[in-house]
Amino acid sequence: MNHEIDATPGQFPEPPSNPEGGAPDPVNATLPPALPTRSWFARYRRLLIPAAGLVVVGAAAAAALVLVLTPRTSVEKMVPASVDVYAVANLDPSVSQKMNLLRAVHRFPDTSTDQKLAQQLDTALKDSGITFTGDIQPWLGAQVALAARIPQGNAEVPVALFVVSRDDAKAMAALTKLRAGSQGQKYRWHDTAYGGITITVGSPTSTPPTSGALKAGAYAIVDHVVVIASSEALVHEIIDADQGRSARLTDSADYKATLSKLPADRLALAYVNGQSMISRLKTQLTTPLAASLAGIKGLGDAEAFQGAALALSARQDGIVADATVRLNAGKLSASTRDALAHAGHADSVIGWIPSSSDGFFAFASLNRTIQSALDQAGPDPSVRQATDSVGLTGPQGILQHLTGDFAVEAELDRSVFPSGAVMLGTDDATRMRSFFNGILGLAAEGQAGRPTNTTYRGVSITTMAIPGIATQDHFLPAFAVLDGMGVLASTPTELKAIIDAHKDHTAIGKDATYGAAAKASISNPASVFYLDLAKIVKAIETAPAGSVVQGLHLKTTGNLTPLRAFILTSDSSPDGMVERFVVILQ
């Protein structure tokens, strides 16, 4: 029975009119039964139901489109857990990554267009008998990967190449053409089957194989992925992983923990299984040859290595690589753990570096790093004697009076000859001057000239000539200690530039190129390595005849022109380190 109520006009009787012909009597009128209250859904459901259907259909279509446009990451599920090194390039990344990458690649003359880029790949394959544009590009899919395992002893390195296929027939045609080429004819080929998949195995025709000769190999198409491996056995492992009969690398806890600190939106990834590599190194140390080498007792802090990974991504202004190293803090020495936990920040020493510098390296835990290295060396008397002789350790050593701040900077002059300086933070100016005097004395082999003292902006500068090196050779060492910083420079001019940068607050942090690089880097890093590539390229291009760069043949290399800057920043904690490499383009 239909219980719906039709609310159209005329459904109910009108109230009776007044007998005298007037308006209806509101008192005696017979009122209709009250209408039930109708919900908003009830009123409009005839429209809403078909509209909702359209929404569902549209959402399903959108989801299907996403699945079609998003490449299936089929390589990851077939990489065995036993591999030690794994690298994968995503040839169909996110839209933003793809646009940024093309913008970066097209800035270089040799790859300024897609056609030129393809020509470069064709040139790289010219000796293989196949071409990229004709034989690979028609079937090349979303990923290319490489996996390898560290071998035991002197065995060959097991390695496999993975290439996702969009068209298995065309992929097989390319493999057949490669097999029929000049290199392929040096093998005997036969087919075998494993897990329902045909594997083609090649053995060198030369017998017995000589040193440097061709090695055996095998290939197969596994779940729409071309697999080329160094052995049939490795192809079996890959098929087992793909078909779920053995563990996969991407399912391991170590792999996931190492990659957790890297950006998910990336162009490429590389991974190293630290525990496996250390285990194999320790096995090598048990061989008779290793046991006979004096001083080899173990791997020290290296035993804490759990894994490392690097992710490559693209920015609008360049390329970025993020790296992470995972450590087991419990296996580190106390001094190394302390150095990683108190890495500090390099900002304070960067404030001394002139904006005219073309490059520098700075970090904030020199004292702890040196102490960690000495602890790793152990009680070797030769090491202690060497560090005592340079004034680093011993009763009068400078090590206990270093604050940790350290930097080395350099600048190219018009003849592309570098000048530079070393900066050391200290809490004892007298000991630092004595340390510099000792270093220069060792450099001069005890024949250093008489030091001369001058004053610049209230700072005492000591200059000491080195016998056999004239001032025209761009080297006249000078040092000074001021405001908790010892500075040893290659020339008095360079030392004065550092003093000016510190006193006038005109250090490299004010430079626009460095600012752009630093903005793309780790914030408040413990260490910084920086190169002003644009200035270096310009110095090379304008170098006079007879300069040291003439033999490098770089003056006409247009591919250097787009480079603006390179910066590497890092930070650490007891459980690992993170680093970021950035190349800024013009």
Side-chain angles (χ1 to χ4, degrees), residues 348-364 366-367 370 386-413 417-508:
S348 58
V349 69
I350 292 175
W352 291 74
I353 297 172
S355 58
S356 58
S357 297
D358 296 325
F360 70 85
F361 172 59
F363 72 104
L366 178 65
N367 49 351
I370 293 174
T387 56
D388 286 352
S389 65
V390 298
L392 182 63
T393 56
Q396 301 301 316
I398 193 63
L399 179 58
Q400 300 304 316
H401 297 279
L402 295 177
T403 61
D405 287 334
F406 167 83
V408 56
E409 61 86 28
E411 176 184 357
L412 299 177
D413 62 16
F417 192 93
S419 57
V422 175
M423 284 151 271
L424 297 170
T426 183
D427 60 10
D428 192 321
T430 301
R431 286 182 186 267
M432 181 59 72
R433 292 190 184 94
S434 177
F435 176 68
F436 283 153
N437 265 311
I439 290 291
L440 293 178
L442 288 173
E445 297 180 348
Q447 300 179 7
R450 187 179 183 86
T452 59
N453 293 306
T454 58
T455 300
Y456 176 74
R457 298 187 68 171
V459 179
S460 176
I461 295 177
T462 300
T463 304
M464 185 181 296
I466 303 297
I469 302 178
T471 55
Q472 61 265 28
D473 293 325
H474 308 271
F475 189 69
L476 180 61
F479 66 83
V481 182
L482 69 153
D483 297 341
M485 188 68 69
V487 183
L488 174 60
S490 60
T491 65
T493 301
E494 190 69 16
L495 178 54
K496 291 176 182 178
I498 293 170
I499 295 173
D500 289 341
H502 169 63
K503 286 183 172 290
D504 298 336
H505 304 288
T506 56
I508 198 166

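For reference, positions follow the sequence shown, starting with 1.
- Annotation: side chain of Gln400 is not in contact with side chain of Asn367 (no heavy-atom distance under 4.5 Å).
- Annotation: side chain to side chain donor-acceptor pair (under 3.5 Å) contacts of Ser348 (sequence neighbours excluded): Asp405.
- Looking only at side-chain heavy atoms (C-beta outward), Ile398 and Thr426 come within less than 4.5 Å of each other.
- In plain terms, the two heavy atoms of Gly351 and Ala507 that are nearest each other are O-CB, 3.3 Å.
- Partners of Arg431 under the salt bridge (Lys or Arg N to Asp or Glu O under 4.0 Å) rule, at least two apart in sequence or in another chain, are Asp428.
- A heavy-atom distance below 4.5 Å is not found between the side chains of Thr454 and Pro492.
- For the ring pair (Phe, Tyr, Trp, His ring centres under 6.0 Å) test, residues two or more places apart in sequence or in another chain that qualify with Phe406 are Phe363.
- Counted by atom type alone, Asp388 and Thr393 present one or more donor-acceptor pairs between their side chains at under 3.5 Å.
- Annotation for Ser419 and Glu494: closest pair OG-OE1, 3.3 Å, computed over non-hydrogen atoms.
- Tested against Pro354 for a side-chain contact (heavy atoms from CB on, under 4.5 Å), the candidates Thr506, Ile508, Ile498 yield a single pass: Ile498.
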- For Val408 and Met423, run side chain to side chain contact (heavy atoms under 4.5 Å, CB included): C-alpha distance rounded to whole Å, both residues' side-chain angles, the deciding distance at 0.1 Å, then the answer. CA-CA 6 Å; Val408 56; Met423 284 151 271; over 6 Å; no
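- Between the side chains of Ser356 and Glu411, a donor-acceptor pair is found at a separation under 3.5 Å.
- In terms of the ring pair (Phe, Tyr, Trp, His ring centres under 6.0 Å) criterion, Phe435 has no residue partners (sequence neighbours excluded).
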Which atom pairs, donor and acceptor, lie under 3.5 Å between side-chain atoms of residues 456-466 and protein residues at least two apart or in another chain?
from	atom 1	to	atom 2	distance (Å)
Tyr456	OH	Asp500	OD1	2.8
Tyr456	OH	Asp500	OD2	3.0
Arg457	NH1	Asp500	OD1	2.9
Arg457	NH1	Asp504	OD1	3.3
Arg457	NH1	Asp504	OD2	3.1
Arg457	NH2	Asp504	OD1	2.9
Thr462	OG1	Asn453	OD1	2.8

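- Expressed to the nearest 0.5 Å, how far CD1 of Ile350 lies from CZ of Phe361 amounts to 10.5 Å.
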Side-chain polar contacts of residues 480-490 - donor-acceptor pairs under 3.5 angstrom, sequence neighbours left out - could you list them?
from	atom 1	to	atom 2	distance (Å)
Asp483	OD2	His502	NE2	2.8
Ser490	OG	Gly420	N	3.0
Ser490	OG	Gly420	O	3.2

